Amino acid sequence: MDFRLTPEQEQFRDSVIAFSRKHLAPGARERAHASGYPWDVAKLMAGQGLLGITIPAADGGQGGSLMDAVIAIESVASVCPRSADVIQAGNFGPIRVLAEYGSASHKNRFLKKLLSGETVISVGMTEPDAGSAVTDLKTSATPDGDGYRINGSKIFTTHSAYADVILTYVRFGPGVGGIGSVLIPTNAPGVRRGKPSTFMSGEEWAELHFDNAHVPADMVLLEEGGFKKQIGGFNVERIGNASRSLALGRYAFERARGWALERRQFGKLLAEFQGLQWKFADMKMQLDAAQLLLYRAAANADRGFPSPDETAIAKAYCNRAGFDVANEALQVMGGLGYSQEELVEYCVRRCRGWMIAGGSIEILKNRIAEGVFGRSFSQR
Ligand SMILES: Cc1cc2nc3c(=O)[nH]c(=O)nc-3n(C[C@H](O)[C@H](O)[C@H](O)COP(=O)(O)OP(=O)(O)OC[C@H]3O[C@@H](n4cnc5c(N)ncnc54)[C@H](O)[C@@H]3O)c2cc1C
């Protein structure tokens, strides 16, 4: 067993950090507070080969491993936390499910533009009455002529305010077995964006309404019975979510460490107070433990989807560690940490959301407990 990156991985990490320092360090703070999607960053990253890292070269990607994508997202986040969202959207989210299960025509129509940073895709699972209990979703796909009529609503969909296409979980029939997914272009007739809103992190989202929206039959990504495959792909999204939690916690930690070596009170450096040294020791232990769990899940996946159990453990742990560390880093920086002069408060706000998004910590712990006891526990 070797806990170090390979020389190739180190080289890749260093090249992404160098690229990020050159292109993303300027304006990193402003980017975190800007609305909309950073399209300029997306195009830059496309040019650098940082979108579609795990997507096969035949489909326009880089043919790399999940670890490569994790290294990329961590390296970008270490310089510009907000830009890591572009790595997420271009590698870990619904784009990966589209690349895995999409037809040649789906790839031709959507994937090319996604990989060139011109468009972005969202995943619409959550509904007003189906959050953690996602299999309660009601959005229906009813056969009609040469396609389907879609009716229902989605909420909290990341990037929904400007996405080109929504990978939408729908119900073709009753029960879990009736769930599948459809690609719905946001300009399709019957698709309507409702009330815009923002999360505490500043991320924008809009309600999505499908009012008898018609999609041709070839827009079906996964037919009924596809829920398990869908969630298998969603574990990749969870790894990206865990990576950003950890990376933003680490970003805040590094800022606080630098500050503790600079700021003097009572005639001493902050780093010289034992009460603060122990905070740093606790932060460091959490970061290191989270890192190992994240790399285990990513490295074991290689070019495939990560294991559900290792992903659940990595995400739950990284979400908690990222938030706790960012929050402690803010405390160490005092008023400056709480101010928008620094990105530490942004890291705290972003990390808070990942404890809920993509399978809350509680739901992941339910899954982990099932592994512990070797049986499933109905939540109903
Ligand atoms: C930043 C952010 C981005 C998001 N992006 C997307 C997106 O792109 N696409 C999308 O479809 N959705 C998205 N979501 C929605 C997200 O998936 C849901 O918020 C999440 O699944 C929880 O659902 P809920 O908010 O309805 O909470 P609820 O399901 O109502 O849960 C409320 C609380 O109860 C807990 N709880 C519920 N059931 C159990 C149980 N059985 N055991 C123990 N505790 C339980 C939950 O953990 C939570 O703490 C996003 C959310 C956030 C915060």
Side-chain angles (χ1 to χ4, degrees), residues 32 37 81-82 84-86 88-98 120-139 150 152-171 179 181-184 186 193-194 196-210 221 227 230-231 233-238 240-245 248 311-312 315-316 318-320 322-323 326 346-370 373 376-380:
Y37 192 70
R82 172 77 172 103
D85 295 347
V86 177
Q88 173 81 18
N91 293 281
F92 293 89
I95 190 171
R96 182 75 164 76
V97 180
L98 170 66
V120 71
I121 181 170
S122 293
V123 58
M125 301 182 294
T126 309
E127 300 183 358
D129 294 327
S132 300
V134 67
T135 52
D136 286 354
L137 67 90
K138 292 189 188 125
T139 297
I150 313 293
S153 300
K154 299 288 176 183
I155 55 169
F156 299 152
T157 316
T158 300
H159 304 315
S160 46
Y162 37 75
D164 190 48
V165 56
I166 314 289
L167 194 167
T168 314
Y169 281 36
V170 294
R171 178 168 294 295
I179 298 174
S181 55
V182 175
L183 294 164
I184 308 183
T186 45
R193 287 187 174 94
S197 189
T198 44
F199 289 121
M200 173 182 171
S201 55
E203 290 167 279
E204 298 147 302
W205 63 275
E207 292 171 353
L208 290 168
H209 301 288
F210 308 112
L221 184 71
F227 184 71
Q230 196 82 60
I231 289 293
F234 193 66
N235 280 322
V236 177
E237 173 133 18
R238 287 177 167 158
N241 169 316
S243 304
R244 283 180 299 161
S245 293
L248 268 61
T311 302
K315 180 177 181 292
C318 288
N319 288 162
R320 171 51 73 187
F323 176 73
Y346 170 78
C347 292
V348 174
R349 288 186 285 115
R350 285 308 301 274
C351 286
R352 190 65 188 83
W354 290 315
M355 296 163 81
I356 300 167
S360 67
I361 290 182
E362 293 77 18
I363 293 299
L364 295 169
K365 284 187 179 173
N366 289 345
R367 158 120 220 153
I368 296 164
E370 288 185 340
F373 292 107
S376 62
F377 297 101
S378 171
Q379 301 297 312
R380 294 181 192 281

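All of these numbers come straight from a predicted model, not from anything done at the bench. For ligands, and for the atoms within them, numbers begin at 1 and follow the listed sequence.
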Under the side chain to side chain contact (heavy atoms under 4.5 Å, CB included) rule, what do F92 and V236 come out as? Steps first, then yes or no, please.
CA-CA 5 Å; F92 293 89; V236 177; 4.0 Å; yes
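The aromatic rings of F156 and F199 sit tilted, their planes meeting at an angle between 30° and 60°. Ring planes of H159 and Y162: tilted class, angle from 30 to 60°.
Around atom CZ of R320, no more than 12 heavy atoms belonging to other residues, nucleotides or ligands sit under 6.0 Å away.
Contact record, A242 with C318: O-CB, 3.5 Å, taken as the closest heavy-atom pair.
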Using distance only, find each side-chain donor-acceptor pair of residues 120-128 under 3.5 Å and give its atom names and separation, not counting sequence neighbours.
residue	atom	partner	partner atom	Å
S122	OG	T158	O	2.7
E127	OE1	K138	N	2.6
E127	OE2	K138	N	3.4
E127	OE2	T139	N	3.1
E127	OE2	T139	OG1	2.6
E127	OE2	K154	NZ	2.8

Note every protein N or O atom lying under 3.5 Å from an N or O atom of ligand 1, pairing the names and giving the distance.
residue	atom	partner	partner atom	Å
ligand 1	5 (N)	F156	O	3.1
ligand 1	5 (N)	T158	OG1	2.8
ligand 1	8 (O)	T158	N	2.9
ligand 1	8 (O)	T158	OG1	3.3
ligand 1	9 (N)	V123	O	2.8
ligand 1	11 (O)	M125	N	2.8
ligand 1	11 (O)	T126	N	2.8
ligand 1	11 (O)	T126	OG1	3.1
ligand 1	12 (N)	T126	OG1	2.7
ligand 1	17 (O)	T126	OG1	3.3
ligand 1	23 (O)	S132	N	3.4
ligand 1	29 (O)	S132	N	2.9
ligand 1	29 (O)	S132	OG	2.7
ligand 1	41 (N)	Q379	OE1	2.9
ligand 1	42 (N)	N366	ND2	3.2
ligand 1	47 (O)	S360	OG	2.6
ligand 1	47 (O)	E362	OE1	2.8

